[in-house]
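Just so you know, these numbers use all the heavy atoms, side chains as well, and skip hydrogens, waters and symmetry mates. Sequence lines set the chain letters: A, B, ... in the order given, protein chains first and strands last, and positions in each chain run from 1. Computed from a predicted model, the values in this text were never measured in an experiment.
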Amino acid sequence: MTTQRPGDEAASFVRPAGFSAWGGGHASDSERLRGLVAVFLRDLRHGLLRIALWLAFLLPPAGLSIYVWVRSQVEAFAVPATEQAEFALQNLGLSFRVGLAWALLLQAGLVAPTIARDIRYGALLLYFSRPVRRRHYLVGRTLAGSLMVAAGLFIPLFILIAVQAMALGLQPGGGGPAAAPWAFWPLAMAAAIVASALGALFTTVVGLACGVIARSPGLVPLFYGGGVLGSVGLSWVGQLIWKRNSLARSVDLHHALEAPLTFALQLIDPGPAPEFVLLDAGAGLALWVVLAVAGWLTLERFIADPPLGRGRS
Amino acid sequence: MTPSDAPAAVARLDGVTKYFGDTAALRGISLALPHGVVGLLGPNGAGKSTLMRLLLGLDTVDSGTVELLGWPLPEASLQARAEIGFMPEDDSLFPGLNGIEQVVHAARLCGLGPTDAFARAHEMLDLVGLSDARYRSASGFSLGMRQRLRLAMALVHGPRLVLLDEPTSGLDPAGRAEMLDLIREVGQAGTAVLLSTHVLGDVEEVCDHVVLLTRGKLGFSGPTSRFRAGAAGRQAAYAVGAAASEVGPDSVVGPDGVVGPDGVVTQDGAAGPGGGVVVSHYVVDVIGDAAALATELRRTQHSVKVDADRLQITFPTGDTAALWQAAVTCGVGIRSFRPQQEAMADAFVRHLRLDDPTRRAGEGAP
């Protein structure tokens, strides 16, 4: 009969096999980058505000969808057939504008502080002491943030496009390329994708750069949000002084982000847009391009000599 | 790029110099790190962290060459890092993840697929004794648990070399003992370990080999036993052998307790616990009147401590012939004769003094 001391079982459960070297395979460089993006995306989904933020993204298009449905079904509020295309594109523009506001909040609260958090918790040392290229880390963080925000911008637009297509019909009119049969909604969809991707990319790069500059995860939302709100205030003051001056308007970073969709929708249906709208969009787009390039250079400079110091868990 | 064939040493440094501004962190270090568990010692600012960072490819040398697991650095640092594990001294963890996610993340970064990463992460958490805490947020872990978690993260991809920076720092005695057990186990499994620490006892317990850095220079590199005993082994070997052949009394028994056919001690002291190195302190077990032998030795200017039948004798010149002469004079037998193991702390200080001319000069000053 064998006897077993109390606790032996537990010990063998805790350490069943001892240390053995890993004999399996390892992923390639590109697979590792994909894995990095997947992990960074997962990291973002861990944010406490995620449910509230997703609801915030989805509620406005849900409301707009109901509005569109009512305008198409209730005769008293019906949109004239000749104005349906313009009505549909205006709704997309409005939804995108609201989405951008939430995207900026999402950036400030979740995406922008990620690198700052890695600095605070000493995680950069954990990344760079493993076979992770510094450029891959940066690209991974940017792609993960961009994908997250792009999804947040595009999904509401997608819902709205689907609802409008059902409510207004597959060809609600429109000029230019959108006048071709079956072309209107696919083109609107393409415009939504491009605008969402650009908006997400610009805001992510600038957000991450803000995180690198501010360093403290708690300060990043204030830094980023403060910058956006400051630009809105500056724009208002400029418009009050120079009366709807396009340059003053485009200083508003939120407004400037609408530029990609404005341009895309103009290409689909070149309606009689006021000249200042295109001027606004051009200046806004230029402003974000400049900010994004400056942000990327800041990130590149940071990653060349990152702080690999003491962490705090 | 491919590594050089079957590297005999885990890492090779040749004339490595690294400056930070005007300060030399490493000065002309040439070193081959052997397989096994190697302790990296040195006072603060000696260059230990710089050496670790060079091996991790986080810094580049100003002159000289570094080769890790056959990969030249920094050109192939990515390939080299895929084969090493690193446990930092800093309290670093991936933010916002629980225990298992931390280890899975570390495994994924090292190129394991999702399924393999999960399986291996569970295995490693079992190994370090964090099975019950795997789904708890790592930010709530105690320091000891975080240290073990970091070890699991360093080992998860099955590295050929693990760099451990102060792994027992801040641990209580039980936690330290567990950590050292794990390190020993990893070393026994064939994984090379470089253990950077200030805790000399850690090195004494688990390391086969010691590398000492002092002020950016290589102070010592060799087996742990040799580090402790010092550099006079050849002298001791000569002294014992010579003393035995000169004295050769029937009652004298050599260091291993063997008496030669003509009563002459034939065993060479070089094979003793000192590992063939210099020792001037010996422990002698006496058959007969130990006090009389002590008195005789003191008469010839030797320092002797008596503890029943055991004497601790210091031979100022390393020449042990006087012992055998005194034993014959007093008519006592020697049951055993072995170099006294120098404490790690004493050896550490001695090596630092050897390297520091100002300290050596100061020793003679009043």
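Annotation for B/Leu58 and A/Phe128: closest pair CD2-O, 3.3 Å, computed over non-hydrogen atoms. For the residue pair A/Pro131 and B/Ala82, the shortest heavy atom distance occurs at CG-CA, 3.7 Å.
Atom CZ of A/Arg130 and atom NE2 of B/His157 lie 7.0 Å apart (nearest 0.5 Å). Between atom CG of residue A/Leu125 and atom CG of residue B/Asp165 there is a gap of 9.0 Å, rounded to the nearest 0.5 Å. Taken from CD1 in B/Ile84 to OG in A/Ser129, the straight-line distance is 7.5 Å, to the nearest 0.5 Å.
With A/Arg133 contributing its side chain and B/Leu78 its backbone, the two residues share no donor-acceptor pair below 3.5 Å.
Residue B/Ala80: no heavy atom, backbone or side chain, is found under 4.5 Å from chain A. Neither the backbone nor the side chain of B/Met87 comes within contact range of chain A, judged by heavy atoms closer than 4.5 Å.
In this structure, B/His105 and A/Phe40 have perpendicular ring planes: the angle between them is above 60°, well past the 30° mark.
Side chains of A/Leu126 and B/Pro88 form a contact here, defined as non-hydrogen atoms less than 4.5 Å apart. In this structure, the side chains of B/Leu109 and A/Val39 stay at 4.5 Å or more apart for every pair of heavy atoms.
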Could you walk me through whether A/Tyr121 and B/Leu93 pass side-chain contact (heavy atoms from CB on, under 4.5 Å), step by step? CA-CA 6 Å; A/Tyr121 289 96; B/Leu93 288 174; over 6 Å; no
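Take A/Phe223 and apply the ring pair (Phe, Tyr, Trp, His ring centres under 6.0 Å) test, not counting sequence neighbours, and it matches no residue.
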